[in-house]
Amino acid sequence: MSLGSFKLHVSSGAIHEGEVVGILGPNGIGKTTFVKSLIQRISNCQIGARQLKFSYKPQYLTVESDETVYDFLFKNAGTVISSSWFKSEVVRPFALEPLYDRKLSSLSGGELQRVFIACALAKEADIYLLDEPSAYLDVEQRLVMAKLVKRVVEERKAAAFVVEHDLMVMDAIADSIMVFTGEPGKRGFASSPLDLRTGFNTFLRDLDVTFRRDLSTGRIRINKPESYLHRKQKSIGEYYYVPEREEPE
């Protein structure tokens with residue numbers, strides 16, 4: 001696929017019911033171009049006689065009116081915003097209710113992000129497309145978002161593609177990973193969905209970064225450059241993290 005002089009080659013692959021595919025790669029390498037191309041493909045795809053449905057959260061959030069948060073959610077998501085599911089699973093963890101009477105134009109970047117994510121997940125869809133959903137969110141909100149996306153996808157037997165730069169979020173949200181490489185602004189190459197270990201190792205090898213798993217929190221942590229663990233993991237090709245049973249001696 002092409003966008004002006006930029007060309008993107010995407011390897012063939014499959015996505016499964018209940019799966020979240022993470023998309024990793026540097027800026028200008030075609031990640032957003034790929035997501036937008038999926039919108040066109042999904043719009044022209046059917047399962048039997050039923051048209052596939054998608055829900056999209058764009059990378060750049062624009063406010064085109066001076067409506068309130070509640071009015072925006074109702075216009076885009078409908079009566080589901082009054083359901084007990086939406087109130088308990090989205091409104092409460094995202095602390096949206098205090099924003100309901102505020103105008104979209106008055107929101108901070110993080111507040112606006114939470115509203116757009118809530119709107120995207122409120123919609124019934126077969127495929128969810130989320131472009132950089134953790135932008136402007138604090139650490140705890142990012143983990144809330146990751147858990148919510150996985151839960152929605154699993155419960156609705158849907159699937160999702162998530163573009164993300166925060167590796168902690170990607171570790172928490174993705175079941176598989178597409179790695180984008182190439183020359184920013186000129187050409188990009190996208191892998192088929194890889195298992196987490198292979199995908200992270202492929203991506204982190206180019207960055208010369210290794211991770212470990214914090215045993216107390218379960219979160220990934222960057223190893224210090226040239227530390228023993230960093231050097232040891234590099235020597236065995238495990239940049240993501242070494243499972244506890246395989247911890248290097």
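- Within a 6.0 Å sphere centred on CG of D138, heavy atoms belonging to other residues, nucleotides or ligands number more than 12.
- In terms of modelled atom types and a separation under 3.5 Å, the side chain of E89 and the main chain of V152 share no donor-acceptor contact.
- No side-chain donor from either of N201 and T198 sits under 3.5 Å from a side-chain acceptor of the other.
- Residue-environment remark: CZ (F6) exceeds the threshold of 12 foreign heavy atoms within 6.0 Å.
- At distances below 3.5 Å, not a single donor-acceptor pair connects side-chain atoms of K234 with backbone N or O atoms of Y239.
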Are R50 and D126 close enough, and set up right, to give a salt bridge (charged side-chain N to carboxylate O under 4.0 Å, His left out), and what steps lead you there?
CA-CA 11 Å; R50 185 174 70 83; D126 300 293; 3.0 Å; yes
Decide side chain to side chain contact (heavy atoms under 4.5 Å, CB included) for L130 and V163; before the verdict, give the C-alpha distance in whole Å, the side-chain angles of both, and the deciding distance to 0.1 Å.
CA-CA 6 Å; L130 307 175; V163 178; over 6 Å; no
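- Checking N223 against T210 by side-chain atom types alone, a donor-acceptor pair falls below 3.5 Å.
- By the 6.0 Å contact criterion, OH on Y136 is open, its count of non-hydrogen atoms from other residues, nucleotides or ligands being 12 or less.
- For I222, the CD1 atom is loosely surrounded, since the number of other residues' heavy atoms within 6.0 Å does not exceed 12.
- The two residues P93 and S88 come nearest to each other via the heavy atoms CD-O, 3.3 Å.
- Results of the ring pair (Phe, Tyr, Trp, His ring centres under 6.0 Å) test with F200 over F211, Y241, Y240 single out Y240 as the only residue that passes.
- Residues R197 and E238 are paired through a salt bridge, judged by an N-O separation under 4.0 Å between the basic side chain and the carboxylate.
- Contact between P184 and G182 at its shortest, heavy atoms only, is CD-O, 3.7 Å.
- By the 4.0 Å N-to-carboxylate-O rule, E67 lies too far from K103 to be salt-bridged with it.
- For the residue pair S176 and E19, the shortest heavy atom distance occurs at OG-OE2, 2.5 Å.
- For F34 and F180, the ring centers are positioned less than 6.0 Å apart.
- Taking the six-membered ring for Trp and the full ring otherwise, the centers of Y56 and F116 sit at least 6.0 Å from each other.
- Using a cut-off of 4.0 Å between Lys/Arg side-chain N and Asp/Glu carboxylate O, E111 and R102 are scored as salt-bridged.
- When the side chains of ILVMFWY residues are joined at heavy-atom separations under 4.5 Å, either directly or via intervening members, Y128 and Y60 end up in two distinct hydrophobic clusters.
- In this structure, P98 and A95 approach most closely via the heavy-atom pair CD-O, 3.5 Å.
- D166 and S134 form no side-chain donor-acceptor contact under 3.5 Å, judged by distance and modelled atom types alone.
- Environment of CZ in R231: crowded, with over 12 heavy atoms of neighbouring residues, nucleotides or ligands closer than 6.0 Å.
- Ionic pairing of K75 and E64 is not present here: no N-O contact between side-chain nitrogen and carboxylate oxygen is shorter than 4.0 angstrom.
- A salt bridge between R219 and D171 is absent, with no side-chain N of the basic residue lying under 4.0 Å from a carboxylate O of the acidic one.
- At a threshold of 4.5 Å between side-chain heavy atoms, the hydrophobic network of Ile, Leu, Val, Met, Phe, Trp and Tyr places F189 and V10 in two separate groups.
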Chi angles and distances behind the side chain to side chain contact (heavy atoms under 4.5 Å, CB included) call for L24, L167:
CA-CA 9 Å; L24 278 176; L167 297 182; 3.6 Å; yes
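- Q113 contributes no side-chain N or O that, together with a main-chain N or O of G110, makes up a donor-acceptor pair within less than 3.5 Å.
- Taking a 6.0 Å sphere around CD of E97, one finds it holds 12 or fewer heavy atoms contributed by other residues, nucleotides or ligands.
- With W85 as the aromatic partner, R151 does not meet the cation-pi criteria of under 6.0 angstrom to the ring centre and within 45 degrees of the ring axis.
- Between K53 and E124 there is no salt bridge, since no side-chain N of the basic residue sits under 4.0 Å from a carboxylate O of the acidic one.
- Without hydrogens or angle criteria, D208 side chain to L204 main chain gives no donor-acceptor distance under 3.5 Å.
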List the steps and the verdict of side chain to side chain contact (heavy atoms under 4.5 Å, CB included) for V35 and I23.
CA-CA 9 Å; V35 169; I23 297 175; 4.1 Å; yes
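- Between V21 and I177, the closest side-chain pair of non-hydrogen atoms is not below 4.5 Å.
- Taking 4.0 Å as the cut-off between side-chain N and carboxylate O, K150 and D175 count as a salt-bridged pair.
- Distance alone, capped at 3.5 Å, places no donor-acceptor pair between the S192 side chain and the S11 backbone.
- A salt bridge is defined here as a Lys NZ or Arg NE, NH1 or NH2 lying under 4.0 Å from an Asp or Glu carboxylate O, and K57 with D131 fails to meet this definition.
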